[in-house]
Amino acid sequence: MEEQLSLKEKEQAEQAMIQQAFNELLDDYLHTKHRKRVEIITKAFNFANQAHRGIKRRSGEPYIMHPIAVAKIVCNEIGLGSTSICAALLHDVVEDTDYTVEDIENIFGHKIAQIVDGLTKISGGIFGDKASAQAENFKKLLLTMSDDIRVILIKIADRLHNMRTLGSMLPNKQYKIAGETLYIYAPLAHRLGLNKIKTELENLSFKYEHPEEYKAIEDKLKATAAERDKVFQEFTAPIRVELDKMGLKYHILARVKSIYSIWNKIQTKHVPFEEIYDILAVRIIFTPRNMDEELNDCFDIYVAISKIYKPHPDRLRDWVSHPKSNGYQALHVTLMANNGQWIEVQIRSQRMDDVAEQGFAAHWKYKEGGGSEDEGELEKWLHTIKEILDDPQPDAIDFLDNIKLGLFASEIFVFTPKGDLKTLPQNATALDFAFSLHTDIGCHCIGAKVNHKLVPMSHKLQSGDQVEILTSKSQRVQPEWESFVTTAKARVKIAAILRKEAKAYQKKGEETLAEFFKAEGIRPDEAAVNKLRCLHNFHTSDELLIAIGNGKLVLGEADKNAFKEKQGKSWKKLLTFSFGSGKDNNEKDGTASDDQSPSPSTEKINPKQILKLTEETISKDYVMADCCHPIPGDDVLGYIDENNRVIIHKRQCPVAAKLKSSYGNRIIATQWDTHKELSFLVTIYIKGIDAVGLLNEVTQVISRQLNVNIRKLDIETTDGIFEGRIQLYVHDVDDVRTICNNLKQIQNIKQVTRIED
Ligand code: MN
């Protein structure tokens, strides 16, 4: 009796907690500028609450707390309205309960049902169980997104909440989800202009993949906070005086570089935390005197503060007159503070700041009438994606790579001869530009005039170039063009045209060859084709047929003579040869090898367990990845390959990043359990001031003092600066740390780092 009562009490407490969370959401919503559609939101909540009743998340919380949290993000952090809030509350109902999209449509109408349907379709997707289908699902995700951008915005909110609560998942799931987040969702959030969410997603992924390094940077940031604050106060005091004189309403923020960005810089630039000078940036957010003066105010502020501090001549970034394609607008200027330190200042109006933090959704906020869809840059981008999707050719993984390239590359701006502005990714060539104008222009491109100078179509464009494309009717797409372009659109188009042409040539080649055989009275079988193939040194019979088809190979007397030899003798030879070469072809094509060679029959690995990497298993069962060379102590994970072998990668290895997002279900958590018996190769980079006997000191420290074997030593000295790469054998990261610390003791050595590659 008592038991039952307490159970009931528990449920009542739970319902009270749920109700309170929902009340908070409603309260937040009522503070926005959106229409006050409380009734339908309440209906959506009641429906979802009742549908998920009794179900718990892994953390033990009632399930409904998740949709409420997602709806809160959608409302507060992305700035969407009631339709999106309802869809967020309902987003897992169709996936996880017996209700259907039709049920949702009957109760909540077409729009909400359509968004929930989109979310349901992609929800199995990237988390799905069918590993190889994941990239394909990403495609679906984008397709759905182009129907209604709110699907992807809510999906990002869903992912953000899952990342915030990732701690209660199994470790192997954590890596998979963290990896996908970094590979797909953070770039997507960035592309949509959701900078705050992008930064949080990156930081959370990093925290789960490298907990210790995360903590180390976090601690250092805390330790240096007071000093940064002092610099900030001193630097901004005279700026405030100037802005007050201008009579502007403003506030100034200190913007601290994110932990993930700091780590990224440490990794790519090989500098220690102490030598990163752009940790602090300053942001001026002002309210324009009137909306028409917004841009002028930005430049006026720039002029005013440049009188106080010297601006860096090369570091003025004008995203005010030319917004980034994700909508970002601001004026960035780098000024020299009185202590000699360069500090970046970002000048934005309140509106620009909202756009920067909340992305495209903020545009709606400033639109008259509110809620209408925003056309423009985003639509153009979606249009490009759709064009690629309409072309069914490229395989899914390549597609993912193409998109990812597009998401990461930063943009350049170029002008058409008429002065229209076009956005292209960095490193885009004249040929990319041609394809961006029109496929027809791309196909017939013979070169370009950049700033009135003639250049080849492979010419790399720079921001500000004026580009005129030269075309010729007789021009055709060439295979080498694939290496001249960087945009996904151009690459996909070229590949499709080449494939189409190759097919046509091949068909023509088949016809020509059939005629040739008939005229010469030769039996048109595989052996005969192979004979010609060998004679002309082609790897595959397709290549032979294409060459005949496009006229590069004309069959002549020599070919006829080859068939006049005594056939009886050569038959056997040809047959065995053709068998052997057939196999060759397969390997060359790289088609999924059907090779059933006996794989090491390790027993089925259970991805839920945590693999212990011991001395014995490392040398017998596991393979250390060639790409990143992990050593004991590194943050690592395992990938189970087709042959059931476990490949060990560093968690930050780019190859592993791709595996995590494409084959998340084959990822297994691993833990080192070694005892300094095996040796691993690492490379250490040193830099310092050249001095007599320095090299000797370095080798002394390594081989005598620490008794470690050096495998290779590369030293270079330029203008008195000494740079070296030392390859040596160590047992684990502890060894590396000791060696680095000892090398740092040497007087003239200024920098010591392990090269992570
Ligand atoms: Mn969810």
Side-chain angles (χ1 to χ4, degrees), residues 17-18 21-22 24-25 41 44-78 80 83-101 103-104 108 112-129 134 137-138 140-142 144-145 148-170 173-174 176-186 188-189 192 194 197 200-201 204-205 208 661 664-665:
M17 172 176 84
I18 293 168
F22 175 66
E24 281 169 22
L25 167 67
I41 295 179
F45 160 69
N46 287 331
F47 186 84
N49 189 22
Q50 165 280 113
H52 292 299
R53 175 154 298 174
I55 310 295
K56 297 264 191 290
R57 298 195 89 203
R58 271 191 77 88
S59 60
E61 265 190 339
Y63 194 89
I64 187 69
M65 296 302 280
H66 165 65
I68 294 175
V70 174
K72 271 191 193 167
I73 294 170
V74 160
C75 174
N76 297 330
E77 296 176 53
I78 309 184
L80 299 172
T83 305
S84 304
I85 292 173
C86 289
L89 285 169
L90 297 166
H91 83 270
D92 278 331
V93 166
V94 175
E95 171 90 358
D96 295 343
T97 74
D98 292 335
Y99 290 102
T100 64
V101 176
D103 296 330
I104 304 275
F108 298 97
I112 291 174
Q114 195 192 4
I115 297 173
V116 172
D117 188 35
L119 285 160
T120 308
K121 275 188 197 139
I122 55 177
S123 83
I126 297 184
F127 317 87
D129 284 334
Q134 295 188 41
N137 276 303
F138 182 67
K140 260 200 262 167
L141 179 129
L142 288 166
T144 328
M145 161 180 159
D148 193 320
I149 187 68
R150 286 174 286 197
V151 172
I152 196 68
L153 291 169
I154 297 168
K155 189 70 206 168
I156 288 174
D158 183 28
R159 174 52 60 116
L160 179 60
H161 185 244
N162 284 330
M163 283 303 292
R164 284 176 180 169
T165 53
L166 195 57
S168 44
M169 299 296 276
L170 291 169
K173 284 274 176 197
Q174 288 180 358
K176 171 173 142 52
I177 294 174
E180 277 174 8
T181 300
L182 212 51
Y183 193 75
I184 295 167
Y185 289 94
L188 210 49
L192 295 169
L194 301 163
I197 290 181
E200 187 176 350
L201 287 175
L204 286 168
S205 299
Y208 282 100
S661 55
N665 302 313

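Numbers here are sequence positions counted from 1. Indexing begins at 1, ligand by ligand and atom by atom, following the structure's order.
Ring orientation note: the planes of His66 and His91 are nearly perpendicular, at an angle over 60° on the 30°/60° scale. Using a 30° and 60° split on the angle between ring planes, Phe108 and Phe47 fall in the perpendicular class, above 60°.
Residue-level check: among N/O/S atoms of His66, NE2 sits closest to the Mn ion (ligand 1). For the Mn ion (ligand 1), the nearest N, O or S atom contributed by Asp158 is named OD1.
Of the angles at the Mn ion (ligand 1), the one spanning NE2 of His91 and OD2 of Asp92 is 80° when given to 10°.
Between Tyr208 and Gln174, the shortest heavy-atom contact is CD2-OE1, 3.8 Å. Nearest heavy atom pair, residue Leu119 against residue Ala87, reads CD1-O, 4.4 Å.
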